[in-house]
2 protein chains.
Amino acid sequence: MLELRLVQGSLLKKVLEAIKDLVNDANFDCSATGFSLQAMDSSHVALVSLLLRSEGFEHYRCDRNISMGMNLGNMSKMLKCAGNDDIITIKADDGGDTVTFMFESPTQDKISDFEMKLMDIDSEHLGIPEAEYHAIVRMPSAEFARICKDLSSIGDTVVISVTKEGVKFSTRGDIGTANIVLRQNTTVDKPEEATIIEMNEPVSLTFALRYMNSFTKATPLSNTVTISLSSELPVVVEYKIAEMGYIRFYLAPKIEEDEETKP
Amino acid sequence: MLELRLVQGSLLKKVLEAIKDLVNDANFDCSATGFSLQAMDSSHVALVSLLLRSEGFEHYRCDRNISMGMNLGNMSKMLKCAGNDDIITIKADDGGDTVTFMFESPTQDKISDFEMKLMDIDSEHLGIPEAEYHAIVRMPSAEFARICKDLSSIGDTVVISVTKEGVKFSTRGDIGTANIVLRQNTTVDKPEEATIIEMNEPVSLTFALRYMNSFTKATPLSNTVTISLSSELPVVVEYKIAEMGYIRFYLAPKIEEDEETKP
DNA sequence: CGACTGTAGC
DNA sequence: GCTACAGTCG
């Protein structure tokens with residue numbers, strides 16, 4: 001028996017908006033720790049990792065560990081039927097093959113429940129090793145989204161370079177080139193507007209903008225985003241979910257092909 | 001060497017929105033006077049003339065006259081990457097084949113530079129003779145835009161007639177006819193809401209609404225528009241650009257075909 | 001906060 | 001031509 005009551009239902013709505021374009025089907029894993037998901041995107045290039053800790057739920061009952069395979073498109077359709085202020089409760093019976101989403105309007109005048117079939121999904125749950133990163137950039141999430149969107153009107157890939165001076169996003173395409181430099185800036189009115197660069201070693205890595213733009217669908221979940229970079233490790237793009245956990249996206253860098261030295 | 005610093009970068013963004021649908025490629029001419037453009041639209045029917053005077057720039061360096069051929073679609077893509085509050089600097093080296101647009105955020109924390117290839121464009125720079133106009137109408141630009149849009153849902157052309165009484169915009173289509181009359185009105189709270197008609201001689205001319213609706217893309221540049229009319233001369237639709245210059249559109253009138261007297 | 005409209009991009 | 005997003009209105 002599983003029953004998770006989330007007062008701020010809009011969080012779950014936003015989480016689904018953030019991942020449903022990247023991942024079609026995935027297992028949600030529920031344990032005493034929390035409600036989590038780990039899945040490769042459909043083209044097997046990027047990885048999404050979500051955690052909503054049990055403490056963030058108003059009521060959290062999970063009698064035993066359970067993995068529920070869901071079609072995220074269908075789940076998202078149902079969650080769209082919840083109001084932004086609704087309380088969402090996720091329910092499932094042990095051994096059942098369905099999950100129920102219950103939505104309560106703030107006034108309790110409207111109670112909806114949506115039942116969805118579960119599916120069997122093969123999932124290799126990869127252990128993600130803790131890593132030391134050469135550089136960690138924390139910046140306003142809206143600004144990161146704007147940069148990825150702007151650069152994708154010029155090129156397909158972005159080179160992210162971190163030096164002491166700041167972080168540079170560069171691209172190149174048929175119509176020209178673009179460079180956007182952000183310098184570290186902690187002297188802002190609101191802490192969420194700061195750009196903070198922790199650098200142990202300079203780093204410069206190339207990524208497909210298509211995936212970056214997918215990741216930025218998570219922007220509504222947090223005012224800030226953290227980008228962790230190391231040579232030859234996947235970048236981690238993390239959005240913290242207030243009081244509850246996080247959503248993290250992993251993406252392997254492209255191996256830079258030097259035009260001059262191609263065979 | 002050319003370096004033009006425009007504090008109100010949104011002006012240049014709006015200028016490009018106003019002309020990029022009308023003209024694909026054009027030469028920007030830079031001299032001590034200012035930054036200007038003159039180009040026929042792609043179907044060679046209308047003419048655009050833009051002037052941004054050097055005095056309107058915070059910094060204006062133009063060592064020698066230079067003509068830079070740009071694809072306005074690509075230029076517009078790049079300018080869309082500038083924030084509305086950004087300071088825009090246009091840079092080019094003498095004899096170079098690229099132009100660079102630099103965008104500085106108001107806080108200086110974000111500096112972007114976009115480099116674009118220049119192109120060779122044949123341009124016949126027409127001298128536009130000064131002319132006496134039979135009538136000059138000055139009116140709120142939003143009202144003019146609304147009228148052109150409304151009339152184009154009924155017909156394809158507009159007859160603009162000016163008499164002592166006012167200015168009349170008429171059209172005729174399959175579903176019926178429409179006439180919109182504005183009388184002179186200077187007794188308004190704000191001067192930009194006035195409709196002022198200077199008439200030396202009554203005039204009535206016919207224009208294609210398709211072009212008029214293109215011209216009204218310049219509406220965000222100015223609260224007022226000036227329409228100058230003379231029989232058998234192109235109409236001039238002018239939007240002043242505060243402190244800097246203007247954008248003017250020229251369009252030849254259609255020769256009225258009287259349905260009744262056609263052979 | 002939800003619905004609608006108008007616009008821009010695919 | 002269609003869909004997605006943003007801005008505006010109620």
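Excluded from the calculations below are hydrogen atoms, water molecules and symmetry mates; all remaining heavy atoms, backbone and side chain alike, are included. Throughout, a chain's letter reflects where its sequence line sits, starting with A, and its residues are numbered from 1.
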- Return yes if a side-chain donor-acceptor contact under 3.5 Å exists between Ser43(A) and Tyr211(A), otherwise no.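 Distance-only check passes for Ser43(A) and Tyr211(A).
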
- Just call it for Lys80(B): base, sugar-phosphate, or nothing, with non-hydrogen atoms closer than 4.0 Å on any strand.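 Result for Lys80(B) = sugar-phosphate.
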
- Query: Between Phe35(B) and Phe28(B), is the gap from one ring center to the other below 6.0 Å?
  - Reply: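 Yes; Phe28(B) has its ring centre under 6.0 Å from that of Phe35(B).
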
- Message: Once rounded to the nearest 0.5 Å, what's the spacing between atom CG of Leu37(A) and atom CG of Leu50(A)?
- Response: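 That separation rounds to 5.5 Å.
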
- For DNA chain C, whose closest nucleotide is more 5', that of Lys20(B) or that of Lys149(B)?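 Checking each residue's closest nucleotide, the 5'-ward one belongs to Lys149(B).
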
- Given DNA chain C, 5'-ward residue of the pair Glu17(B) and Asp86(A), judged by closest heavy atom: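 It is Asp86(A), whose closest nucleotide lies nearer the 5' terminus.
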
- Asn185(A): side chain to side chain donor-acceptor pair (under 3.5 Å) partners, not counting sequence neighbours: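 Asn185(A) satisfies side chain to side chain donor-acceptor pair (under 3.5 Å) with Thr187(A), Asp109(B) only.
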
- Message: Measure NZ/Lys217(A) against P/dA6(D) and give the value in whole Å, please.
- Response: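 Rounded to whole Å, this separation is 10 Å.
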
- Query: Mind checking which nucleotides bracket the chain A contacts on DNA chain C, 5' to 3', with an atom under 4.0 Å from a heavy atom?
  - Reply: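 Listed 5' to 3', the contact boundaries are dC1(C) to dG2(C).
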
- Residue that, paired with Glu17(B), satisfies side chain to side chain donor-acceptor pair (under 3.5 Å) out of Lys14(B), Lys13(B), Lys20(B):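 Testing Glu17(B) for a side chain to side chain donor-acceptor pair (under 3.5 Å) against Lys14(B), Lys13(B), Lys20(B) leaves exactly one candidate, Lys20(B).
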
- Message: Tell me every residue that passes ring-ring contact (aromatic ring centres under 6.0 Å, His included) with Phe114(B), counting only those two or more places apart in sequence or in another chain.
- Response: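 Scan of Phe114(B) (ring-ring contact (aromatic ring centres under 6.0 Å, His included), adjacent residues dropped) gives Phe103(B).
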
